[in-house]
Amino acid sequence: MVVAAVLGAAGGIGQPLSLLVKQNPAIKELRLFDVVPVVKGVAADVSHVDTPAITTGYVKDEDGLKHALKGADIVIIPAGVPRKPGMTRDDLFNINAGIVRDLAQGIAENCPKAFVLIISNPVNSTVPIAAEVFKAAGTFDPKRLFGVTTLDVVRASTMSAQAIGKPNDASQYTIPVVGGHSGVTILPLLSQSKPALPESLFSDSEKLKALVNRIQFGGDEVVQAKAGGGSATLSMAYAGYKFAEQLIAAAFEGKKGVVAPSYVYVADNKDVQKEIGQDLAFFSVPVELGPNGAEKLHPLGQLSSYEKELLQACLGELPGSITKGVNFIQQPK
Ligand code: NAD
Ligand code: LMR
């Protein structure tokens, strides 16, 4: 049985995500941590759900991080500030970088072998930050650190189904989304959809571009609709849990053949470097999950000429975001 911790559990994502995690029968203990005291109430609330996980809440000022993390097997991090209209994810860096750094330090000290799932934005930089903290602590295991990009995958299915006039069939389309998690770094591989999307979509270049753009900027759609009230929370909780559930099944329940895109460490994977044509430390690729986490990174596969162009746009932005995260730890100001 698995011990799970959610850090930032009182927030817009944290609350519904905690509820979803509580429903997983493999979880023995669910520990909810936040800097705001209401997290104890959230834990009390969630604890009444009639599933096995014993649920407890922890706040920062009672040595709560240590108690929440001690011996945890899986740590999910939606802590940090969300966007408002007009902001980019990178605009969150100044606040969220420090939050992720401190939480990663807590993980290194209290549960160095945990699987760590980072939701806090900008994911393209916060995952490298966590990796640098773990490296400095001597606990870095590239197979156990994941940037959660599942919302992009979920959006790709939903928005593609809508674009082809089959809005009720979203769950039938599995579409790999690779790259990073921000604007043009999000690279949906529509040509690899299973089942295939209709040829008419690919022959209508305006329609195809509009669909790709909608997937890449799906986050903005929610930020604008919430008009200052935050960014995606409910669909993110769904997506975050979807990835966590896949990882739990593969890592702790022996499920085979589980493959899901995630933003992972690719620096020592020559095949990925060759495919993207650059030495990048992090990139989202389809990851085969297993007892050790990211057991195998799958190739991106054949890209259409349009997807090759999108890859170049992604590579124009992603390396800078990675370096920014790395420098935040290696060269603190
Ligand atoms: P929110 O403000 O509703 O909740 C964030 C929570 O984090 C709050 O409860 C806050 O008290 C807590 N928090 C702040 N500092 C903390 C710390 N040091 N330790 C623990 N908890 C802390 O925000 P939200 O809407 O839940 O979004 C959270 C983050 O997730 C944002 O950075 C947002 O951009 C990101 N996000 C990522 C994705 C993705 O696809 N990866 C999708 C949606 C949102
Ligand atoms: C999203 O994709 O919805 C999240 O990254 C939140 C955001 O800022 O758009």
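Just follow the structure's listing: the first ligand is 1, and inside any ligand the first atom is 1.
- For Asp220, no nitrogen or oxygen atom sits less than 3.5 Å from a nitrogen or oxygen atom of ligand 2, counting backbone and side chain alike.
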Would you sort out whether Phe282 and Tyr265 count as a ring-ring contact (aromatic ring centres under 6.0 Å, His included), showing the intermediate values?
CA-CA 5 Å; Phe282 292 90; Tyr265 189 72; 5.4 Å; yes
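- Taking distance alone, with nitrogen or oxygen atoms compared against 3.5 Å, Ala232 stays at or beyond that limit from ligand 1.
- Assignment of Gly230 to the shell around ligand 1 is not supported, since no heavy atom sits closer than 4.0 Å.
- Around atom 15 (N) of ligand 1, the closest heavy atom drawn from Thr126, Val153, Thr233, Ile99 belongs to Ile99.
- Evaluated by nearest non-hydrogen atom to atom 39 (C) of ligand 1, the leading choice among Arg155, His181, Arg89 is His181.
- In terms of protein heavy atoms, atom 3 (O) of ligand 2 is closest to Arg155 NH2, 2.7 Å.
- A donor-acceptor pair shorter than 3.5 Å cannot be found between the side chains of Lys324 and Ser125.
- Asn124 and Thr185 form a side-chain donor-acceptor contact under 3.5 Å, judged by distance and modelled atom types alone.
- For atom 8 (O) of ligand 2, the nearest protein heavy atom (residue, atom name, distance) is Arg83 NE, 2.6 Å.
- Set against the non-hydrogen atoms of Ala232, the atoms of ligand 2 under 4.0 Å away are 3 (O).
- Atoms of ligand 2 lying under 4.0 Å from at least one heavy atom of Asn121, given by number and element, are 4 (C), 5 (O), 6 (C), 8 (O).
- For atom 5 (O) of ligand 2, the closest heavy atom belonging to the protein is His181 NE2, 2.6 Å.
- For ligand 2, the atoms sitting less than 4.0 Å from at least one non-hydrogen atom of Leu151 are 1 (C), 3 (O), numbered in the order shown with element in parentheses.
- Taking the six-membered ring where the residue is Trp, Phe115 and Phe252 present perpendicular rings, their angle passing 60° and hence far from 30°.
- Distance from atom 22 (C) of ligand 1 to its nearest protein heavy atom, with residue and atom name: Ala79 CB, 3.6 Å.
- Heavy-atom contacts of Gly219 reach the following atoms of ligand 2: 1 (C), 2 (O), 3 (O), 9 (O) (cutoff under 4.0 Å).
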